[in-house]
Amino acid sequence: MSGTRTEAVQRMSAKVLMANYRRAPVAFARGEGIRLYDLEGRVYLDFVAGIAVSVLGHSHPRLVAAIQAQAARLIHVSNLYLIPEQARLAQWLTSRSGLDRALFGNSGAEANEAAIKLVRRFAHARRSGRFEIVVAEGAFHGRTLGALAATPVAKYQEGFSPLPEGFRAVPFNNPAALADAVTDRTCAILLEPVQGEGGVHPATEEFLAAARRLCDAHGLLLIFDEVQTGIGRTGTMFAFQAYGVRPDILTLAKGLGGGVPIGAVLAREEVAEVFQPGTHGSTFGGNPLACAAALAVVETVEEEDLAGRAAVLGRILQDGLLDLGRRTGAITAVRGLGLLVAADLDREAAPIVDGCRDRGLLVNAVQERTLRFAPPLIVTETDVREALGILEQVLSERVGQGPRGGEAR
Ligand SMILES: Cc1ncc(COP(=O)(O)O)c(C=O)c1O
């Protein structure tokens with residue numbers, strides 16, 4: 001059959017893969033740093049980073065070496081046995097977060113599932129009769145049924161009823177509504193410090209502080225979902241550190257493994273102790289390979305102060321987008337924290353995503369008219385300027401006639 005290698009992959013994918021993702025017509029052969037190379041040899045600046053995952057960029061020598069060495073030693077044994085790499089990673093994460101214990105899974109949804117089970121069991125253990133979790137409108141906590149029930153967005157929940165009960169949604173950044181939603185059934189509040197998929201909306205300090213106060217006053221548990229914001233992305237190792245509001249439970253995934261699938265839930269001692277043998281588990285969770293990779297990632301992020309770098313480069317990116325908005329009129333708002341940044345457009349985002357990709361820049365759309373920028377934390381100012389240049393070119397070309405694409409959600 002004729003055609004490019006990419007077209008061959010496209011044909012085969014269309015035949016044998018489920019059609020749940022809207023995939024752009026590009027396949028990557030390799031990556032290096034902030035650049036990806038496709039099957040046809042074209043190069044792209046990666047401001048998607050595998051959806052805010054690849055914090056060290058692609059093929060980072062330290063991460064590659066850690067994975068190679070661990071793979072050659074031992075990949076998997078299960079949690080029937082002690083795993084030194086898992087204990088070391090838990091040691092690192094607890095010491096940096098101020099929480100006491102860790103449990104590992106394989107994704108963000110799984111980390112949130114574990115957090116949901118943890119707060120339910122905590123309430124059961126106290127025979128409090130409490131089971132309800134207050135969540136925020138516009139949140140995204142994952143696609144498994146429990147995490148989906150905690151994601152009060154119709155487009156994600158549609159067609160999957162009945163969902164697990166016990167979730168109550170309030171408007172994001174509305175402390176009064178949060179207080180009103182807490183009843184004698186409430187056991188926890190679950191929030192993202194920055195709503196990522198919802199359009200990159202940072203929480204206000206007032207909102208997170210109100211959540212903490214409500215939890216303290218009513219004996220509830222505060223869960224922060226830092227699946228997207230954790231591991232340096234927002235300018236601090238964990239986003240909650242910039243707010244000065246401590247959670248009882250913290251969930252992580254995405255950046256943690258730098259691309260190797262791993263998720264984690266961290267909790268205070270008193271909460272963690274409700275998980276005793278037999279209560280929860282995962283065959284793969286925290287296996288030697290994933291933990292060795294995550295250790296290499298977190299140590300590199302810390303040693304190279306990539307969180308501090310995210311704060312500086314994020315500011316440069318936001319300033320550049322604001323300037324572009326002033327000059328073109330095409331950007332109506334810019335927001336974000338660190339290297340998790342969004343730009344609202346005066347037009348549909350999908351054609352801009354396609355246009356940028358055609359010109360060698362990967363970005364994605366988190367809402368109909370909102371672009372998200374989440375490059376690896378190793379991005380340089382030169383990379384940011386190059387990305388802004390491509391975006392400016394695309395915005396000025398009035399693209400919009402092409403087919404939709406580039407949005408995987
Ligand atoms: C805040 C947040 N929580 C949970 C998830 C789900 O993570 P995963 O896709 O790894 O299950 C995501 C994914 O985008 C997320 O952004």
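Atoms within a ligand are numbered from 1 in the order they appear, just like the ligands themselves.
- In this structure, Arg359 contributes its side chain and Gly355 its backbone to a donor-acceptor pair below 3.5 Å.
- Remark: ligand 1 atoms within the under-4.0 Å shell around heavy atoms of Asp225 are 1 (C), 2 (C), 3 (N), 4 (C).
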Please determine whether salt bridge (Lys or Arg N to Asp or Glu O under 4.0 Å) holds for the pair Arg130 and Glu132, giving the CA-CA distance in whole Å, both sets of side-chain angles, and the decisive distance to 0.1 Å. CA-CA 6 Å; Arg130 293 171 178 266; Glu132 206 165 73; over 6 Å; no
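- Set against the non-hydrogen atoms of Lys254, the atoms of ligand 1 under 4.0 Å away are 12 (C), 13 (C), 14 (O), 16 (O).
- Annotation for ligand 1: atoms under 4.0 Å from non-hydrogen atoms of Glu192 are 1 (C).
- Distance alone, capped at 3.5 Å, places no donor-acceptor pair between the Gln195 side chain and the Glu192 backbone.
- Looking at Gly142 next to ligand 1, no N or O pair under 3.5 Å apart turns up.
- Some N or O of Ala109 is nearer than 3.5 Å to an N or O of ligand 1, by distance alone.
- Within the structure, the closest approach of Glu110 to ligand 1 does not fall below 4.0 Å when heavy atoms are considered.
- The ligand atoms of ligand 1 that sit less than 4.0 angstrom from a heavy atom of Asn112 are 3 (N), 4 (C).
- The side chain of Glu197, and not its backbone, has at least one atom closer than 4.0 Å to an atom of ligand 1 (non-hydrogen atoms only; side chain from C-beta on).
- Taking the six-membered ring for Trp and thresholds of 30 and 60 degrees, Phe207 and Phe172 have ring planes more than 60 degrees apart, a perpendicular arrangement.
- Residues that satisfy the side-chain hydrogen bond (donor to acceptor under 3.5 Å, both in side chains) test with Arg385, not counting sequence neighbours, are Glu381.
- Inspection of the Glu40 and Thr6 side chains reveals an N or O donor paired with an N or O acceptor under 3.5 Å.
- Residue Val227 has at least one heavy-atom neighbour below 4.0 Å for each of these atoms of ligand 1: 2 (C), 3 (N), 4 (C), 5 (C), 7 (O), 12 (C), 15 (C).
- When Ser107, Ala147, Gly108 are ranked by how near their heavy atoms come to atom 7 (O) of ligand 1, first place goes to Gly108.
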Phe284 and Phe104: ring pair (Phe, Tyr, Trp, His ring centres under 6.0 Å), yes or no, with the steps? CA-CA 9 Å; Phe284 293 118; Phe104 295 100; over 10 Å; no
